[in-house]
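Here is the structure we will look at.
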Amino acid sequence: MAKSQDTSPDNLGIPPVEPNGNGHSHAEGHIITISGMYENYFLDYASYVILERAVPAIEDGLKPVQRRILHAMFEKEDGRYNKVANIIGNTMQYHPHGDAAIGDALVNLGQKELMIDTQGNWGDYRTGDSAAAPRYIEARLSKFALEVAFNPQTTEWQLSYDGRKREPISLPMKFPMILAQGTDGIAVGLSTKILPHNFIELCKASMDILKGKRVKIYPDFQTGGMIDVTDYNGGERGGKIKCRAKIEKADKNVLLVKELPYGVTVSSLIDSITKAAEKGKIKIKKIDDNTAAEVEISIELAPGVSPDVAVDALYAFTDCESSISPNACIIVDNKPIFTTVEEILRISTENTKDLLRQELEIKKHELEEKWLFSSLEKIFIENRIYHQIEECESWEAVIEVIYREMRKYVATPSDHAGASDKRLKLFRELTDDDITRLTEIRIKRISKYNSFKADELIEKIIEELEETQHHLDNLTDYAIAWFQNLLDKYGKGRERRTIISGGFESIEIAQVAANNAKLYVDRKEGFIGMGLKKEGEFVCDCSDIDDIIVFRKDGKFLVSRISDKTFVGKDIIHVDVWKKGDERTTYNMMYLDGKTGITRAKRFNVTAITRDKEYDLTTGTPNSKLLYFTANPNGEAELVTITLSPSCPARIKIFDYGFADLDIKGRGSQGNIVTKYPVKKVVLKEAGQSTIGAIKIWMDEVSGRLNNDERGKFLGAFDTGDQILAVYNDGTYETTDFEMTRRFEVKDLAAITKLKPDTVISAVYFEGNKEWTVVKRFQVETNTTGQRFQFITDHKSSKLYFASTEETPVIKYSYKEKNQKHEGEVNLAEFIDVKGWKATGNKLIDYKILSVKELEVKKPASEEAESLTAEEEQKTDKTAPQQKLHAGDSIDLDVDTKGQGKLF
């Protein structure tokens with residue numbers, strides 16, 4: 001029976017307004033003007049767009065155009081491909097819109113590679129290339145679609161828009177299709193955006209829901225890439241995800257984009273990179289599109305550009321990183337609701353379970369009918385009841401005789417037959433149709449009737465009935481098995497493509513912007529900027545989005561955004577690029593209090609400011625001025641020599657003063673008193689060492705970027721001069737500085753740690769020349785930073801199995817000898833002594849290793865690995881090289897009777 005779907009405003013809670021004969025409308029006794037009628041028409045239109053065009057239904061997760069396409073394809077389904085032009089034409093019988101809209105929706109379905117098998121040029125979602133014309137490409141329903149989306153017996157139907165055909169209100173979808181494919185649409189007054197999720201994870205999550213477990217699911221995109229799901233919020237309104245391209249370093253000058261963020265094509269990504277390069281945000285030499293079977297965009301960097309900084313710049317300034325705001329809106333009971341993807345999955349799973357119940361009940365009814373007729377046929381033939389109708393002269397008499405004779409052998413529910421009744425008990429009453437079917441049995445079948453085979457058939461039907469009833473009695477288990485079957489049949493090749501990250505590291509735009517400008521200063525006239533090349537002094541390279549910090553002799557400073565030319569005040573003593581939140585750059589200064597004549601010293605950071613606002617570092621009294629100033633990027637504290645005025649009454653007129661004795665305080669503090677006597681000059685005696693301790697550094701195990709946010713693998717506490725040791729799977733190692741912009745390819749790393757003087761690398765590898773597995777232990781003897789050194793032999797078959805920087809690593813390994821698998825265990829520190837890094841090593845076995853696993857060895861408390869020593873926590877590395885002070889970083893003011901000074 002055809003069922004029509006009501007898409008009137010009533011379904012959205014809109015009160016009906018009926019027009020009267022005067023062109024007006026009455027609602028609750030009031031006259032509605034023409035404008036009121038237009039409002040009603042608008043609501044009619046809004047409800048139509050919401051329910052019939054833009055927002056998918058929860059029952060099958062499809063928009064009407066998608067549902068009609070699949071229904072039209074099912075009508076033509078014969079296992080062979082059909083021209084897309086024919087499919088579009090067939091769909092137009094149900095969809096009251098143009099062929100272009102149908103064609104676009106069909107191509108979109110085909111590119112998702114789930115419901116439709118395609119043939120021909122269907123375009124490429126990665127490159128943005130469009131599909132060929134509909135007459136050139138073909139499609140058919142996939143086996144998966146035929147299994148999960150169609151069953152005419154459980155489908156509710158309605159008449160098509162012109163009343164000539166019937167179409168499904170919704171397809172009996174036994175899978176959370178809306179979450180697998182994702183969707184987006186803009187209706188009137190609302191929109192929806194549901195991101196695609198992983199097929200395998202959806203099946204497993206549905207099984208967990210049926211088991212009563214709570215689930216969490218996250219998006220997965222065909223384009224791969226990486227996502228930050230920290231703020232996903234179940235796909236609900238207000239949530240957000242960040243998508244990033246997968247970028248690999250081919251070498252120190254070339255980056256390769258291998259996977260794209262969701263919704264970004266190769267061409268749009270190249271355009272965004274080109275625009276960023278034109279604006280000077282990133283310095284590149286050349287960009288090539290090598291995309292074929294796999295995405296590959298080659299970016300050749302300009303000479304001297306760090307690939308790690310370039311990767312961050314790509315994320316900061318191009319479409320290599322994008323932000324998406326999901327908005328899960330679906331139609332439930334003819335009304336749009338906003339919900340989470342987990343709730344959508346729960347509803348879909350329960351809907352699947354109910355559809356499976358309906359199918360089982362239909363199957364049970366069919367089996368019962370089949371059993372009933374097979375049993376009646378057996379009785380009719382074996383008891384030769386057909387002989388009783390030979391004398392009958394009318395059809396009514398035939399029916400009456402057969403019915404009378406059959407009642408001798410069968411009992412119906414109305415008979416209330418007891419246990420002693422030997423007749424065959426039927427589950428329903430006999431009908432005229434049952435008797436008629438018996439009269440239609442051919443003589444040929446009666447003559448060749450095999451009672452044994454009939455009994456086998458009936459027994460098989462009974463077994464199927466019992467099995468079906470068992471499934472109905474254990475419907476949840478049956479539904480779980482259904483999803484497991486889908487997973488087993490169609491899950492291969494649908495593994496997660498997008499890497500999930502608990503949170504992307506934040507990228508400071510100012511830190512990764514390419515140095516596309518030069519900073520100059522005119523100290524005498526008080527100007528800074530990029531356009532002072534002729535009259536100014538070069539300070540440093542910078543970017544056009546940097547903030548510049550300026551200190552003056554009067555003890556004041558300010559921070560201003562760089563421009564061509566900005567007046568910041570005369571008598572500039574220090575100018576540099578300022579980084580927000582920088583807690584390591586420490587400023588040491590001495591100043592004269594103009595009111596009391598006291599000289600004070602202080603140390604401070606500048607972590608936050610109001611741009612273009614002047615801050616006074618002195619007490620603010622008239623005639624206060626700076627006597628000494630240095631900027632120290634790592635918190636160094638130098639030793640200075642102070643010379644007092646010869647005419648002052650002090651007994652000691654020359655003495656040393658160490659800034660290391662001062663605590664780092666806020667910039668507004670007055671500082672400590674140095675002397676109450678007039679100071680003639682302050683000069684540097686000895687460059688200092690850092691007093692702010694080592695930096696604790698972690699490596700993000702997803703992105704491979706260094707951070708101090710306690711995210712990922714802890715590498716150690718680093719101070720001036722410390723280095724990172726990285727051991728790679730290709731049998732090389734590298735030492736590098738601990739720049740926070742550094743990024744490692746995690747999949748290429750065998751081990752990574754802080755390099756210490758006693759660090760030993762233990763390695764197990766296959767030696768290609770002698771074809772055996774060897775063990776070697778060595779210390780880092782090379783001094784070149786940033787260069788890889790190969791520590792295994794260069795034979796093409798040589799392969800690194802295992803590497804560790806632990807003190808006493810113990811491994812368990814397996815190998816195959818004469819087709820038999822063997823296992824072994826070895827303490828590498830006891831197996832071989834430490835040798836040179838170029839040594840081959842000692843033989844472990846004569847075979848290749850199948851697997852190797854490091855065993856956890858509990859160390860004595862006295863030998864536990866150092867996480868952070870007290871020295872590292874509180875103090876600097878005594879062996880750190882002293883920092884050289886350059887012009888612009890330190891000043892010496894020769895104080896004379898006129899109070900003037902000069903910069904050295």
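Note that the numbering runs from 1 along the sequence shown for the chain. On a predicted model such as this, the values are computed, not experimentally measured, just so you know.
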(message) Check this for me, if you would: do Glu147 and Lys489 make a salt bridge, where the nitrogen-to-carboxylate-oxygen distance has to be below 4.0 angstrom?
(response) yes
(request) Enumerate the residue pairs fulfilling ring pair (Phe, Tyr, Trp, His ring centres under 6.0 Å) with a member in residues 198-217, sequence neighbours excluded, ordered by first and then second residue. (result) Phe144-Phe199, Phe175-Phe199
(message) As an exercise, state the distance from CD1 of Ile169 to CD of Glu59, rounded to the nearest 0.5 Å.
(response) 9.5 Å
Please tabulate, for side-chain N and O atoms in residues 182-191, each donor-acceptor pair with protein atoms closer than 3.5 Å (sequence neighbours left out).
none

(request) Identify, with sequence neighbours excluded, every residue that meets side chain to side chain contact (heavy atoms under 4.5 Å, CB included) alongside Pro172. (result) Asn151, Thr154, Thr155, Leu355
(message) Checking Asp162 now: which residues fulfil salt bridge (charged side-chain N to carboxylate O under 4.0 Å, His left out) with it, not counting sequence neighbours?
(response) Arg164
(message) Taking the ring of Trp157 and the ring of His71, is the distance between their centroids below 6.0 Å?
(response) yes
(message) Taking Arg445 first and then Glu377, would you say they form a salt bridge - that is, a charged N and a carboxylate O separated by under 4.0 Å?
(response) yes
(message) Per the salt bridge (Lys or Arg N to Asp or Glu O under 4.0 Å) rule, what does the pair list look like for residues 113-124, sequence neighbours excluded?
(response) Asp117-Arg140, Asp124-Arg126
(message) Can you list everything that forms a salt bridge (charged side-chain N to carboxylate O under 4.0 Å, His left out) with Asp455? Sequence neighbours excluded, please.
(response) Lys378
(request) List in chain and number order the residues that pass salt bridge (charged side-chain N to carboxylate O under 4.0 Å, His left out) with Arg437, two or more places apart in sequence or in another chain; answer none if no residue qualifies. (result) none
(message) Can you list everything that forms a side-chain hydrogen bond (donor to acceptor under 3.5 Å, both in side chains) with Asn108? Sequence neighbours excluded, please.
(response) Lys112
(message) Taking the cut-offs as 6.0 angstrom to the six-membered ring centre and 45 degrees off its axis, would you call Arg237 and Phe338 a cation-pi pair?
(response) yes
(request) Please identify each residue that fulfils side-chain hydrogen bond (donor to acceptor under 3.5 Å, both in side chains) with Glu366, with sequence neighbours left out. (result) Gln153
Sequence neighbours excluded and cut-off under 3.5 Å, please list the side-chain donor-acceptor pairs for residues 83-90, or say none.
| residue | atom | partner | partner atom | Å |
| --- | --- | --- | --- | --- |
| Lys83 | NZ | Arg135 | O | 3.0 |
| Asn90 | OD1 | Gln93 | NE2 | 2.4 |
| Asn90 | ND2 | Ala72 | O | 3.1 |

(message) Would you say Thr431 and Asp434 are linked by a side-chain donor-acceptor pair, where the criterion is simply a distance under 3.5 Å?
(response) yes
(message) Could you work out, with salt bridge (charged side-chain N to carboxylate O under 4.0 Å, His left out) as the rule, every residue matching Asp78, not counting sequence neighbours?
(response) Arg80
(request) Would you confirm whether Glu405, through its side chain, and Arg407, through its main-chain N or O, come within 3.5 Å as a donor-acceptor pair? (result) no
(message) Just to verify, what does Lys353 make a side-chain hydrogen bond (donor to acceptor under 3.5 Å, both in side chains) with, not counting sequence neighbours?
(response) Thr476
